[in-house]
2 protein chains.
Amino acid sequence: MEISERKKKILSAVIDAYIATAEPVGSKAIAESGVLDISSATIRNEMAELTAMGYLEQPHTSAGRIPSPQGYRLYVNELMERQRLSLDETEQINQSMNLKIQQLDKLMNDVGRVAASLTQYPVVALAAPVAATITRYDLIYVDANTFIVVVMLNDKAVHNKLIHLPFSVEQSMISRISSVFNTMFTGITEDKITPELIDSAERACGDTMGLVSVVSTFAIETLKETTHGEAVFSGASHLLRQPEFRDPDKAHEIMNYLSDSEHILGLPAITSGGDLEVIIGPENVAEELKDSSVIIARYDAGDNMQGLIGVVGPTRMDYSGVAAKLSYIAEGLSRLLGSAAAPPGFEKLQLKGDEPK
Amino acid sequence: MEISERKKKILSAVIDAYIATAEPVGSKAIAESGVLDISSATIRNEMAELTAMGYLEQPHTSAGRIPSPQGYRLYVNELMERQRLSLDETEQINQSMNLKIQQLDKLMNDVGRVAASLTQYPVVALAAPVAATITRYDLIYVDANTFIVVVMLNDKAVHNKLIHLPFSVEQSMISRISSVFNTMFTGITEDKITPELIDSAERACGDTMGLVSVVSTFAIETLKETTHGEAVFSGASHLLRQPEFRDPDKAHEIMNYLSDSEHILGLPAITSGGDLEVIIGPENVAEELKDSSVIIARYDAGDNMQGLIGVVGPTRMDYSGVAAKLSYIAEGLSRLLGSAAAPPGFEKLQLKGDEPK
DNA sequence: ATTAGCACTCAGAGAGCGAGAGTGCCAGTG
DNA sequence: CACTGGCACTCTCGCTCTCTGAGTGCTAAT
């Protein structure tokens with residue numbers, strides 16, 4: 001059966017009301033809301049049909065209706081009004097982003113926190129796995145037993161590590177190693193750093209003390225970490241405010257699930273690749289999320305890298321509000337990090353006269 | 001009235017039982033537990049006196065007793081047996097620590113996670129505020145518009161930042177700035193980096209483009225961050241398994257409180273400085289923690305710096321078990337980071353022959 | 001096609017009741 | 001005199017029962 005325009009309006013009204021109150025919605029409430037000028041009896045009939053069609057559900061005979069996953073799906077795809085953020089809200093987001101995002105390596109953490117406090121839902125954020133490579137090595141000689149390795153990745157993140165040796169090395173050796181790494185170890189992914197490569201690098205710089213091995217281990221670790229992506233989970237406490245998670249066991253289960261970064265890292269696999277995606281209740285593959293919805297926004301992190309930021313909530317979630325906020329945040333991140341934009345650091349350049357403090 | 005040896009034994013038994021079951025403890029249960037060879041009636045009398053003395057409380061007339069904060073205090077100070085960890089447990093802790101602790105800047109995060117999963121309670125971890133200074137600057141010239149600033153702090157952490165310029169600079173300028181910073185900006189705390197100092201540094205290197213300002217801003221930011229300390233909160237979900245936090249509102253309140261790093265950073269102020277400290281329920285100054293206990297262990301992070309790691313739970317908490325685990329973790333951290341120990345990086349040195357992968 | 005009216009259903013709140021755990025006290029005992 | 005057994009008393013918890021009211025589905029009228 002084709003779904004009439006009026007049915008859509010009713011479905012929409014039911015969902016809006018249910019999102020707001022978390023209680024089953026009755027025909028009378030819809031009639032009185034004034035969106036449609038028809039009596040409650042007519043609405044009752046329409047609702048009965050919507051139920052038969054699978055868009056609504058009835059917790060029990062004498063209760064109102066609640067939307068089914070299929071109902072939410074229709075709502076998200078067609079009915080939901082693309083909510084516009086108020087000027088206040090965009091301003092607030094901009095501010096938090098500027099304020100919080102200081103260092104790139106803590107970006108995920110901060111983005112998660114900002115998004116959680118804005119949406120009032122728990123948030124997972126991750127940098128999607130990519131084939132990371134190192135574009136540049138610098139070895140800084142500190143003293144005879146100490147040097148710092150600084151590497152720059154293709155995503156422009158800079159990592160470093162202080163290395164202490166149980167023996168002393170000459171500065172010339174350090175710079176020899178540095179140049180060898182810059183020619184032999186740049187632009188390759190982690191799996192390309194083979195023992196053979198390390199061997200030949202050792203021969204190339206005449207290293208018999210395992211220095212090459214130390215540096216390459218750090219390179220491998222760094223690449224591995226970036227390649228796997230990093231996942232964070234923020235704002236767990238917001239979950240407890242949702243009526244559907246007042247059962248501590250339920251809340252515990254889902255929090256536990258989301259705390260495990262393994263699970264979050266698997267998230268990209270289930271997204272189709274769109275900029276904004278909504279996964280409703282049972283559409284989730286994970287058993288633990290069958291009663292929850294996830295809204296995922298994708299952002300461009302430059303150099304073909306993508307990040308994901310997702311909001312988790314009950315199926316009765318403020319889809320339109322969250323979608324709007326999430327899109328805005330993702331856009332902001334893309335602007336900040338994306339390939340088209342200036343690299344990080346640029347926008348925080350303080351020229352003379354701007355008083356730091 | 002002086003508290004007799006027998007009363008102490010009874011109190012101890014009550015607390016042990018209450019910690020295990022979370023239910024009020026009756027005289028019969030104590031009598032049957034067999035720790036004392038006296039009848040339940042005698043125990044009843046003793047318990048009545050313990051109640052009068054303020055060590056026990058009665059939820060209502062016909063229920064068993066639960067320990068009062070004062071009772072817990074006595075228990076923690078005198079009665080509690082210093083639990084020893086099994087070999088299995090220490091092994092497990094060692095493993096997780098070695099496995100997880102890769103990079104110093106993510107240390108807090110990882111330590112928190114490990115401790116939370118070991119104790120099965122939520123954990124807060126923080127690096128205590130200290131007067132951080134920078135001991136060394138390195139500026140790496142990448143291209144005409146780009147350079148990397150690498151700074152090493154007195155706690156041996158290394159931070160870096162990639163800086164892009166809207167104009168080009170010469171390599172010689174970069175190295176000039178580097179040497180100026182290494183002479184003028186090392187060994188001083190954040191508040192000593194004044195506009196005047198920056199001015200004179202600019203004159204010293206002939207910088208008219210605000211480069212000095214960019215670098216000093218980064219220095220100030222880094223120092224501020226380290227000086228303030230960093231706080232993390234892990235394992236929130238464990239809270240929900242405690243019967244006393246099955247009320248979602250309560251759980252939400254405390255999670256919220258602990259999520260705010262401001263609150264955690266205030267924690268050191270209330271500790272007296274011992275290695276291990278137990279703060280019981282109402283002894284907490286924060287209203288939100290009046291029903292919870294906190295066990296805090298201090299560890300040496302080298303260079304007069306101290307870190308704190310704390311476990312939060314209901315007043316009915318497994319004090320002895322948590323204390324033992326926490327002490328062990330703190331000791332491990334002290335060994336890893338402490339002034340006496342080799343600096344980080346050392347223990348992960350892989351000499352030739354250790355196959356990376 | 002829509003609406004007003006009405007009988008019917010059923011979850012949830014509240015009252016009432018009984019069981020059981022635990023207490024306090026007293027009188028008896030070694 | 002310290003301890004114990006016994007007993008009456010108290011109070012929470014869980015149970016059932018009832019009642020209320022929101023909401024439905026159907027029917028007859030417009």
Side-chain angles (χ1 to χ4, degrees), chain A residues 1-11 13-15 17-18 20-68 71 243-244 246-247, chain B residues 1-11 13-15 17-18 20-68 71 243-244 246-247:
Chain A
M1 194 205 302
E2 203 39 62
I3 184 166
S4 72
E5 218 34 62
R6 193 170 71 180
K7 279 201 180 58
K8 285 185 186 172
K9 276 210 180 109
I10 292 174
L11 178 59
V14 170
I15 294 183
Y18 186 62
T21 64
E23 309 244 306
V25 184
S27 55
K28 208 173 154 196
I30 301 288
E32 280 168 2
S33 78
V35 273
L36 283 161
D37 206 14
I38 47 180
S39 78
S40 72
T42 312
I43 293 176
R44 254 201 307 286
N45 289 330
E46 293 281 52
M47 279 166 81
E49 283 180 44
L50 280 167
T51 308
M53 293 162 81
Y55 293 107
L56 292 176
E57 283 172 359
Q58 224 169 351
H60 54 261
T61 336
S62 71
R65 302 302 211 288
I66 61 173
S68 72
E244 28 276 277
R246 292 195 68 82
D247 173 6
Chain B
M1 193 207 301
E2 204 37 64
I3 184 166
S4 72
E5 219 32 64
R6 193 171 70 180
K7 280 202 180 55
K8 285 185 185 172
K9 277 213 179 105
I10 291 174
L11 178 59
V14 170
I15 294 182
Y18 186 62
T21 64
E23 310 245 305
V25 184
S27 54
K28 209 172 153 195
I30 300 288
E32 281 168 2
S33 76
V35 274
L36 282 161
D37 207 14
I38 47 180
S39 78
S40 72
T42 313
I43 293 176
R44 256 201 305 285
N45 289 329
E46 293 281 53
M47 279 167 80
E49 283 179 45
L50 280 167
T51 308
M53 293 162 80
Y55 293 108
L56 292 177
E57 283 172 359
Q58 224 169 352
H60 51 85
T61 337
S62 71
R65 303 302 211 288
I66 62 173
S68 72
E244 27 276 278
R246 291 195 69 82
D247 173 5

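We use all heavy atoms of the structure for the numbers below, so side chains are in, but hydrogens, waters and symmetry mates are not.
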May I ask you to test the [X]-[Y] pair for a side-chain heavy-atom distance under 4.5 Å?
X      : Y      : answer
I15(A) : V25(A) : no
E5(A)  : I10(A) : no
I38(B) : E46(B) : no

Could you state the atom-to-atom distance from [atom1] of [X] to [atom2] of [N] in whole Å?
X      : N       : atom1 : atom2 : answer
L36(B) : dC3(D)  : CG    : C1'   : 14 Å
I30(A) : dG23(D) : CD1   : P     : 11 Å
E49(B) : dA2(D)  : CD    : P     : 11 Å
Q58(A) : dC10(C) : CD    : C1'   : 11 Å
L50(A) : dT24(D) : CG    : P     : 12 Å
E57(A) : dT24(D) : CD    : P     : 15 Å
K28(B) : dC7(D)  : NZ    : P     : 15 Å
Y18(B) : dG22(C) : OH    : P     : 14 Å

Anything under 3.5 Å between a protein N or O and an N or O of nucleotides 2-4 of chain C, put it in a table, one pair a line.
residue	atom	partner	partner atom	Å
dT2(C)	OP1	R6(A)	NH1	3.0
dT2(C)	OP2	R6(A)	NH2	3.2
dT3(C)	OP2	S39(A)	N	3.0
dT3(C)	OP2	S39(A)	OG	3.2
dT3(C)	OP2	T42(A)	OG1	2.3
dT3(C)	O5'	S39(A)	OG	3.4

Next item on the list: Starting at CZ of R44(B), measure out to CD1 of I30(B) and round the result to the nearest 0.5 Å.
Entry: 12.5 Å
What nitrogen or oxygen pairs link the protein and nucleotides 12-16 of chain D at under 3.5 Å?
none

Checklist line | Partner set under side-chain hydrogen bond (donor to acceptor under 3.5 Å, both in side chains) for S39(A), not counting sequence neighbours | finding: T42(A)
Check: Between dG23(D) and S27(A), is there an OP1 or OP2 to side-chain N/O distance shorter than 4.0 Å?
Finding: no
Expected list for residues 51-58 of chain A: side-chain donor-acceptor pairs under 3.5 angstrom, two or more places apart:
residue	atom	partner	partner atom	Å
T51(A)	OG1	M47(A)	O	2.7
T51(A)	OG1	R65(A)	NE	2.8
T51(A)	OG1	R65(A)	NH2	3.3
Q58(A)	NE2	T61(A)	O	3.1

Note to self: My understanding is that only residues two or more places apart in sequence, or in another chain, count here; which of them pass salt bridge (charged side-chain N to carboxylate O under 4.0 Å, His left out) with K8(B)?
What the structure shows: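 With sequence neighbours excluded, K8(B) shows a salt bridge (charged side-chain N to carboxylate O under 4.0 Å, His left out) to E78(B), given in chain and number order.
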Margin query: According to salt bridge (Lys or Arg N to Asp or Glu O under 4.0 Å), does anything in residues 28-41 of chain B pair up with another residue at least two apart or in another chain? List the pairs.
Written below: none
Next item on the list: Heavy atoms only: give me the nearest A13(A)-V35(A) pair and the separation to one decimal.
Entry: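 So the two residues come closest at CB-CG2, 4.1 Å.
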